[in-house]
Amino acid sequence: MEKDSKIYVAGHRGMVGSAIVRELQRQGYHTIITRTHSQLDLTRQEAVERFFEQERPEYVFLAAAKVGGIVANQEALADFMYDNMILEMNVIHAAWRNGCRKLQFLGSSCIYPRLAPQPMPESCLLTSALEKTNEAYALAKISGLKYCEYLNRQYGTDYISVMPTNLYGPNDNYHPEHSHVVPALIRRFHEAKIAGAPSVTCWGDGSPLREFLYVDDLANLCVFLMNNYSGNETVNAGTGKELTIKELTELVAEVVGYTGEILWDATRPNGTPRKLLDVSKAASLGWTYTTELRDGLCLAYHDFLSNPMRTER
């Protein structure tokens, strides 16, 4: 990408999209196109096609998505599948129709099988069954990355896909029921600390293993890949390190300053037993993460405290 290239970041208000905008600005890119949902509903094909015809972006970061944790995914299966599939197809198709030079599709590590080999290489995609608690979201994301691959094969486009591990950081969603694990824990422990609650009960038994990547590190990789990678196979984005949910919970409580007891409700779902990405491809391209988990959690908690409206979602 040239510094004056027209770059469209879809989903710039979300955690990932806003981080990509920050990274592009940090690196000196100055023609960044954005639209809010009220300005452009990506699930409306005609509106998306009109936008691309008018703006003609040269590069597209497709970070827009309907996202949520286990509860949200289970309660709105159809919504997660439809909204994500229709918006990504609209954007990718309109980009192709209007001569976009390169597009990057942001997926999720949930695209990989529930019992995939660990760590999960990019090649294990579609080799066995998905995790049922987020199957609808995963199927939509798989469709998006496959559409990029098929456009490359049929029409010679240069569309790539990135599959991040669990993300956290500035501009996260702290909704009490519809958030992912890190923001959910930050909010719960913060509220428990303020209320002087003697204990906090967490879902599951704390045994699942998870990997977490600070969102600004992902954004750095996204810009790096846009400039340095072409190929049909997706690229995993992670740290290559994992810890149990129990260990994560205790670390978040420590960062927040909650000193009460942590209890576990084993009647609640654990989700996938283990999700560790094989990040050797990104490493072979010359990229690695820089933010360690404790440091990132401190930054995330500071963001939570400095944005009170975010706690009311």
Side-chain angles (χ1 to χ4, degrees), residues 65 67-77 80-81 84 106-142 145 161-168 172-173 177-186 188-189 200-215 218 234-254 262-282 289 292-294 296-297:
V67 298
I70 291 178
V71 174
N73 273 276
Q74 289 181 316
E75 290 180 348
L77 296 168
F80 270 83
M81 186 168 196
N84 283 295
L106 273 293
S108 166
S109 59
C110 72
I111 65 166
Y112 294 125
R114 170 181 167 80
L115 299 177
Q118 301 290 327
M120 298 182 287
E122 291 86 352
S123 59
C124 75
L125 180 65
L126 295 176
T127 55
S128 61
L130 298 166
E131 162 62 34
K132 288 296 181 183
T133 57
N134 55 23
E135 183 181 66
Y137 181 71
L139 287 171
K141 287 297 184 180
I142 291 170
L145 73 90
S161 300
V162 185
M163 294 302 122
T165 188
N166 299 288
L167 301 170
Y168 69 99
D172 210 336
N173 172 20
E177 294 180 353
H178 300 155
S179 58
H180 288 105
V181 61
V182 169
L185 289 173
I186 287 175
R188 293 194 67 193
F189 283 127
V200 169
T201 300
C202 299
W203 280 28
D205 60 16
S207 65
L209 289 159
R210 291 291 183 272
E211 173 186 23
F212 296 90
L213 179 66
Y214 189 61
V215 71
L218 170 66
T234 188
V235 179
N236 287 338
T239 64
K241 298 179 179 180
E242 62 186 343
L243 76 168
T244 65
I245 292 296
K246 183 176 186 295
E247 291 170 327
L248 170 72
T249 300
E250 292 169 349
L251 183 56
V252 173
E254 181 182 330
I262 300 174
L263 306 175
W264 295 91
D265 181 358
T267 65
R268 298 289 191 169
N270 272 328
T272 305
R274 189 183 185 198
K275 285 174 66 175
L276 178 65
L277 292 180
D278 181 341
V279 295
S280 58
K281 177 182 287 188
Y289 79 101
E292 296 296 345
L293 183 57
R294 179 185 293 275
L297 289 174

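Residues passing the salt bridge (Lys or Arg N to Asp or Glu O under 4.0 Å) test with R210, sequence neighbours excluded: none. Scanning for salt bridge (Lys or Arg N to Asp or Glu O under 4.0 Å) contacts around R274 gives E242, with sequence neighbours left out. Here S128 pairs with nothing under the side-chain hydrogen bond (donor to acceptor under 3.5 Å, both in side chains) rule; sequence neighbours left out. For E292, the salt bridge (Lys or Arg N to Asp or Glu O under 4.0 Å) partners two or more places apart in sequence, or in a different chain, are K241. By the side-chain hydrogen bond (donor to acceptor under 3.5 Å, both in side chains) test, T201 is found to be paired with no residue, residues two or more places apart in sequence or in another chain being considered. Residues satisfying the side-chain contact (heavy atoms from CB on, under 4.5 Å) criterion with P121, sequence neighbours excluded, are P117, S123, C124, D278.
Across every non-hydrogen atom of A138 and L130, the tightest pair is CB-CD1, 4.0 Å. Of all the heavy atoms in N84 and Y137, the pair that sits closest is ND2-CD1, 3.4 Å. Taking each heavy atom of C110 and N134 in turn, the nearest pair found is CB-ND2, 3.4 Å. Nearest heavy atoms, P164 versus L106: CG-CD1, 4.1 Å. Closest approach of L185 and C202 over heavy atoms only: CD2-SG, 4.0 Å. Closest heavy-atom contact between N236 and A282: O-CB, 3.9 Å.
One distance of note links CG of L139 with CG of L77; it measures 10.5 Å at 0.5 Å rounding. Distance check: Y112 OH to I142 CD1 gives 9.5 Å after rounding to the nearest 0.5 Å. The OG1 atom of T165 lies 7.0 Å from the CG atom of L167; values are rounded to the nearest 0.5 Å. Taking OG of S108 as the reference point, atom CG of L145 lies at 11.0 Å (rounded to 0.5 Å). With rounding to the nearest 0.5 Å, the separation of OG1 in T239 from CG in L277 is 8.5 Å. For the atom pair I245 CD1 and N270 CG, the distance stands at 8.5 Å (nearest 0.5 Å).
No donor-acceptor pair under 3.5 Å is formed between the side chain of D172 and the backbone N or O of Y168. For D205 (side chain) and W264 (main-chain N/O), no donor-acceptor pair under 3.5 Å exists by modelled atom type. Of the possible donor and acceptor atoms, one in the side chain of E247 sits under 3.5 Å from a partner among the backbone N and O of T244. Checked by atom type and distance alone, the side chain of E211 never pairs as donor or acceptor with a backbone atom of N166 at under 3.5 Å.
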Would you check, one step at a time, whether the test side chain to side chain contact (heavy atoms under 4.5 Å, CB included) holds for I262 with E250?
CA-CA 8 Å; I262 300 174; E250 292 169 349; 4.2 Å; yes
V162 and L218: side chain to side chain contact (heavy atoms under 4.5 Å, CB included), yes or no, with the steps?
CA-CA 9 Å; V162 185; L218 170 66; 4.3 Å; yes
Test log, rule side chain to side chain contact (heavy atoms under 4.5 Å, CB included), inputs V252 and I186
CA-CA 6 Å; V252 173; I186 287 175; 3.9 Å; yes
Going through the checks in order, is the side chain to side chain contact (heavy atoms under 4.5 Å, CB included) test met by L297 and Y214?
CA-CA 8 Å; L297 289 174; Y214 189 61; over 6 Å; no
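Contact check for F212 versus L243: side-chain heavy atoms found under the 4.5 Å cut-off. No side-chain heavy atom of T234 sits under 4.5 Å from any side-chain heavy atom of L125.
Screening K141, K275, M163 for a side-chain contact (heavy atoms from CB on, under 4.5 Å) with S109, the sole residue that qualifies is K275.
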